[in-house]
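What follows is a single structure, written as structure tokens, with notes after it.
Protein chains get the first letters and strands the later ones, always in sequence-line order, with residue 1 at the start of each.
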Number of protein chains: 2
Amino acid sequence: MPAFSHPRLGDVALAAALHALADPCRLAIVRRLALGGELSCSAAACHDVPKSTLSNHFKILRAAGLIRTRTAGRDHLSTLRGDEFETRFPGLLATVLAQPEETANAA
Amino acid sequence: MPAFSHPRLGDVALAAALHALADPCRLAIVRRLALGGELSCSAAACHDVPKSTLSNHFKILRAAGLIRTRTAGRDHLSTLRGDEFETRFPGLLATVLAQPEETANAA
DNA sequence: GCAACAGTTCAATAATTCGGAACTATCAAA
DNA sequence: TTTGATAGTTCCGAATTATTGAACTGTTGC
């Protein structure tokens with residue numbers, strides 16, 4: 001794996017960004033990354049998501065310009081592209097992350 | 001058509017809301033509604049989207065709690081559920097609408 | 001009545017997504 | 001180096017979702 005391809009944020013469409021965030025598993029990953037630090041694919045594990053699906057989620061997040069992934073041995077560590085994303089889509093990530101942790105069911 | 005079913009905002013998941021906004025055609029509809037007023041299905045017309053597709057887009061927006069639709073003769077007029085949506089997802093709609101009009105291509 | 005129009009629903013097709021199995025690459029130990 | 005376990009990706013068939021023409025419902029106006 002000779003490094004990953006990361007889009008320039010200018011090439012990311014708003015629809016792609018929203019789509020990437022519109023998935024509970026991907027959003028959970030982004031939330032964790034927003035706390036800081038790097039996250040390996042396996043450490044991300046939303047409940048029982050298979051490896052291949054998880055790998056695909058990371059790919060989508062990468063394509064949306066949300067994360068940057070580097071290879072470290074056999075791990076692929078990802079970090080948020082927070083500042084860049086903020087520049088491209090001002091306020092978007094912060095607003096989404098500010099939403100209640102999900103459990104949408106008020107009476 | 002005995003009126004439409006509109007979810008309580010408390011029953012709308014964040015993922016559903018983001019998904020609804022993650023489509024250029026639907027987002028264009030929401031942008032127009034955000035300017036105020038009601039919009040009929042046919043008046044919404046994004047370029048060359050067929051009626052059935054458009055109808056489905058409205059259905060998705062309705063299910064996401066973004067719009068309310070009422071019947072007026074043979075027209076189905078929709079309005080934004082702006083305040084309710086804002087209460088459920090603080091800042092979300094405003095932030096999305098504040099994003100550049102789309103044409104993501106800087107060098 | 002009839003014809004035109006606004007939208008929805010249905011059904012078939014197209015496009016995405018999911019996930020198991022196979023594969024690649026790294027690390028650790030002997 | 002060889003063996004074995006681990007981290008991730010890729011491949012590809014299955015399940016899900018999206019698209020859209022055609023048929024249908026209800027409305028308006030003649």
Side-chain angles (χ1 to χ4, degrees), chain A residues 1-7 12-30 32-33 37-64 66-79, chain B residues 1-7 12-30 32-33 37-64 66-79:
Chain A
M1 306 293 95
F4 289 94
S5 96
H6 297 96
V12 176
L14 175 58
L18 290 171
H19 171 76
L21 294 169
D23 177 278
C25 182
R26 289 195 292 266
L27 188 52
I29 292 171
V30 171
R32 292 188 51 172
L33 287 173
E38 298 180 299
L39 196 55
S40 71
C41 200
S42 60
C46 320
H47 17 278
D48 303 314
V49 181
K51 294 198 305 179
S52 54
T53 301
L54 210 42
S55 179
N56 190 49
H57 283 322
F58 274 89
K59 187 177 180 181
I60 290 172
L61 290 173
R62 223 160 20 235
L66 275 160
I67 64 175
R68 167 167 285 116
T69 306
R70 72 183 179 90
T71 298
R74 55 186 162 180
D75 297 316
H76 292 179
L77 300 177
S78 298
T79 50
Chain B
M1 307 292 94
F4 290 94
S5 95
H6 297 95
V12 176
L14 175 58
L18 291 171
H19 171 76
L21 294 168
D23 176 277
C25 182
R26 289 194 292 267
L27 188 51
I29 292 171
V30 171
R32 291 189 51 171
L33 288 174
E38 297 180 298
L39 196 55
S40 72
C41 200
S42 58
C46 320
H47 16 279
D48 302 313
V49 180
K51 293 199 303 178
S52 53
T53 302
L54 209 42
S55 180
N56 190 48
H57 282 322
F58 274 88
K59 188 178 179 179
I60 289 171
L61 289 173
R62 223 158 22 232
L66 275 161
I67 65 175
R68 167 167 285 117
T69 307
R70 71 182 179 92
T71 298
R74 55 184 163 182
D75 297 317
H76 291 180
L77 300 177
S78 298
T79 50

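A:D75 contributes no side-chain N or O that, together with a main-chain N or O of A:L77, makes up a donor-acceptor pair within less than 3.5 Å. In this structure a side-chain-to-backbone donor-acceptor pair under 3.5 Å is missing from B:R70 to B:T79. The backbone N or O of B:H19 sits less than 3.5 Å from a side-chain atom of B:R26, completing a donor-acceptor pair.
For the OP1/OP2 pair of C:dT17 and a distance below 4.0 Å, the side-chain nitrogens and oxygens of A:H19 include at least one atom meeting the criterion.
Toward the 5′ end of DNA chain C lies the nearest nucleotide of A:H57, the other residue of the pair A:G73 and A:H57 mapping further downstream. Nearest-nucleotide assignment on DNA chain D puts the 5′-proximal partner with B:N56, out of B:N56 and B:K51. Residues A:D75 and B:R74 both approach DNA chain D. Their nearest nucleotides, taken by heavy-atom distance, put A:D75 toward the 5′ side.
The distance between atom CG of A:L77 and atom P of C:dT26, rounded to the nearest whole Å, is 14 Å. Rounded to an integer number of Å, the gap from CG of A:D48 to P of C:dG20 is 11 Å. Spacing between atom CG of A:L54 and atom C1' of D:dG8 amounts to 10 Å, rounded to whole angstrom units. Rounded to whole angstrom, the span from the NE2 atom of B:H76 across to the P atom of D:dT25 amounts to 15 Å.
Contact annotation: side chain of B:S52 to base of D:dG21, donor-acceptor pair present below 3.5 Å.
When side chains are defined from C-beta on, A:L66 counts as touching A:L21, because their heavy atoms get closer than 4.5 Å.
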